Amino acid sequence: MADAENPLLGETTCGSLLQKLQEIWDEVGESDEERDKMLLQIEQECLDVYKRKVEQAANSRAQLLQVLSDAKLELSTLVSALGDKSSVGIPEKGSETIKEQLAAIAPALEQLWKQKEERVKEFSDVRSQIQKICGEIAGNASEQTGALAVDESDLSLKKLDEYQVKLKELQKEKSDRLSKVLEYVSTVHDLCAVLGMDFFSTITEVHPSLGDSTGVQSKSISNDTLSRLAKTVSALNEDKKQRLHKLQELATQLIDLWNLMDTPEEERRLFNHVTCNSSALVDKVTVPGALALDLIEQAEVEVDRLDKLKSSRMKEIALKRQVELEKIFASVHIEIDPEAAREKIMALIDSGNVEPTELLADMDNQIMKAKEEALSRKEILDRVEKWMSACEEESWLEDYNRDENRYNASRGAHLNLKRAEKARILVNKIPGMVDTLVAKTRAWEEDRGVSFMYDGVPLLAMLDEYAMLRQEREEEKRRLKGQKKVGEQQNMEQETAFGSRLSPARSSGPKKVVGPRGNGGANGTPSRRLSLNANQNSSRSAGKDGKRDSMKLAAPANIVTVSKDDAASHVSRTDSVPASP
């Protein structure tokens, strides 16, 4: 029994088992038929086991092949998605078994999965930033929540670079927009400061984030914010322009009213902050509060106050203008009727039929025209002054030549001698002066169509009278010289007849008025007013400078001075042009 079992204790094989079965059959006495039947059954059962095992092996192989195929497909997909074959070691096709192939693919798959996870994270980060910036630009950043789905079919570096380029463009656009927003905010701040407005309330009306001073990056950069900022800046600039225009008008009115009423400088300084921008450009006005509404209202109140004050001082102001006008006319020897002019001004103001500003503007226009008239007369008046000065020297020289003691060594004699020498030179130039003056005066009168009046007297009549008197003086000199020769001859004949020399009386001819010359010099020197208009203007010119009154022509006793009527008739014959005012 133990021997039968011994084979079982060793290595069990199909042959040992079949031998054991034969021994058992022999001992039992099984027939051959039963034995064949049993062996056939055993063979069938073994075949079934083999078949089952083969099927299991085939299934296992198929599964491995599927796993290998899936691994290869996944490897190919990952490589295609990542787009970089050189980044991992992909096994080459060879004669390896399925499991060897799977073992070779596994590390590459693991590396590719890790790369994919990293790449997906990079894509997600970039796209999130892009989405955030796009939301900030669109103005709906707060509405975008949750992570973005990443397209895992294309995770290549090229695609990632495209997203990164787009991100950089958006970041630059964001930076530009942020700079533009900050520039707008700064402009709004400056404009609010100049206009005296509340900056915080103005800027937060555009967008609440713009009033946040803690974070620059948190400020809204949306299209709507930029558009509203631009409109706000435009509105503030327009408001600034209008306020500056209003302020400049007020400043101009203030300056005109100050000048009109001779306001002292101390009072003007109180409104320097208004007048300092009277001619400034809009962009140059940057002082905080320079265009505040309360400042404009203050200027308006001051203008209203000065307007009311101007109405009460209108007569005083108008009379000042009239005095200025009279001074201009007097300086150029134009005669006017000041009393009548003043009475007319007072009547106009009292009647209320004329606006004070219009009256003053008309007077300013008259002053301007008077200045232009004075300028046109200046050259002729300068020559008249030189001519009259030369005539004064001529008169002095006549007095000096009649002084018998002029050569005595008295005090100041040498000075008078020098003056006489200069006077003779000057007197010789008088005819040329008169000719030039006549030519200039005629040219002036032809140009303007009016007579050139000098203190109410036509200048050409004065010059003609002077020329006539000078000619009469020369004739008188010749007549006196002839009388002197006849007297000397008579004296010689008497001495011869009576044999003795008589002491003849000194004959000096008609005496010349010395001192203040009521009618002018003996040589026909013209006065500032001349005898031509002596009777007519004596009352008006009596108070004028003494120098003019001392120059009235004093003709010799036997020379008849030209009367006013004769001179007037002379003027009417030579020049029918009406006199200037």
Side-chain angles (χ1 to χ4, degrees), residues 4-25 30-128 146-164:
E5 292 177 357
N6 284 337
L8 295 176
L9 296 176
E11 182 178 356
T12 300
T13 62
C14 289
S16 63
L17 289 174
L18 183 60
Q19 184 181 355
K20 184 65 178 175
L21 183 59
Q22 289 289 348
E23 289 176 357
I24 292 172
W25 282 342
E30 287 286 341
S31 62
D32 290 338
E33 184 180 350
E34 287 293 332
R35 288 183 180 191
D36 291 339
K37 186 179 178 179
M38 186 66 69
L39 288 173
L40 183 62
Q41 184 180 356
I42 292 172
E43 184 178 355
Q44 184 64 41
E45 289 178 355
C46 288
L47 184 61
D48 292 339
V49 170
Y50 275 112
K51 285 182 178 181
R52 189 167 56 252
K53 291 298 181 181
V54 168
E55 288 178 357
Q56 290 177 355
N59 290 335
S60 177
R61 183 187 67 181
Q63 289 176 356
L64 289 175
L65 287 173
Q66 185 63 42
V67 170
L68 180 60
S69 176
D70 292 344
K72 288 182 178 180
L73 179 61
E74 187 174 1
L75 180 65
S76 176
T77 302
L78 288 172
V79 170
S80 175
L82 295 174
D84 188 4
K85 296 181 180 180
S86 61
S87 60
V88 293
I90 299 176
E92 297 292 336
K93 292 182 179 180
S95 60
E96 295 88 353
T97 62
I98 296 174
K99 290 186 176 180
E100 287 176 348
Q101 292 182 33
L102 285 173
I105 289 175
L109 278 176
E110 185 178 356
Q111 185 177 357
L112 288 174
W113 268 110
K114 189 180 293 185
Q115 287 185 9
K116 178 182 177 181
E117 290 176 359
E118 294 175 354
R119 193 70 57 82
V120 168
K121 187 175 182 300
E122 290 179 0
F123 269 83
S124 179
D125 291 342
V126 171
R127 291 196 61 194
S128 296
L148 288 174
V150 178
D151 182 11
E152 296 184 2
S153 64
D154 188 0
L155 299 174
S156 64
L157 290 175
K158 180 180 179 182
K159 189 69 174 179
L160 182 61
D161 288 341
E162 291 177 1
Y163 279 119
Q164 288 176 340

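Keep in mind that this is a model prediction, so the values were computed, not measured.
Between E74 and the choices L112, I105, L109, the side chain to side chain contact (heavy atoms under 4.5 Å, CB included) rule is met once, by L109.
Minimum heavy-atom separation, L68 to L102: CA-CD2, 3.4 Å. In terms of heavy-atom proximity, L160 sits nearest to E122 at CD2-OE1, 2.9 Å. Taking each heavy atom of V126 and Y163 in turn, the nearest pair found is CG1-CB, 3.5 Å. Minimum heavy-atom separation, K116 to L82: CA-CD2, 4.0 Å.
Annotation: side chain of L39 is in contact with side chain of W25 (closest heavy-atom distance under 4.5 Å). At a threshold of 4.5 Å between non-hydrogen side-chain atoms, the residues L157 and R119 count as touching. The side-chain heavy atoms of L155 and K159, taken from C-beta on, include no pair separated by under 4.5 Å. No side-chain heavy atom of Q22 sits under 4.5 Å from any side-chain heavy atom of Q19.
Not one N or O on the side chain of S76 forms a donor-acceptor pair closer than 3.5 Å with the backbone of K72.
How far CZ of F123 is from CD of Q164: 8.5 Å, rounded to the nearest 0.5 Å. To the nearest 0.5 Å, the span separating CE on M38 from CD1 on I24 amounts to 10.5 Å.
Within the structure, the side-chain hydrogen bond (donor to acceptor under 3.5 Å, both in side chains) test picks out the following pairs touching residues 49-68 (sequence neighbours left out): Q66-D70. For the salt bridge (charged side-chain N to carboxylate O under 4.0 Å, His left out) condition, the pairs that include at least one residue of residues 32-47, sequence neighbours left out, are D26-R35.
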Task: Candidate pair T13 and S16, rule side chain to side chain donor-acceptor pair (under 3.5 Å), full reasoning - done: CA-CA 5 Å; T13 62; S16 63; 3.2 Å; yes

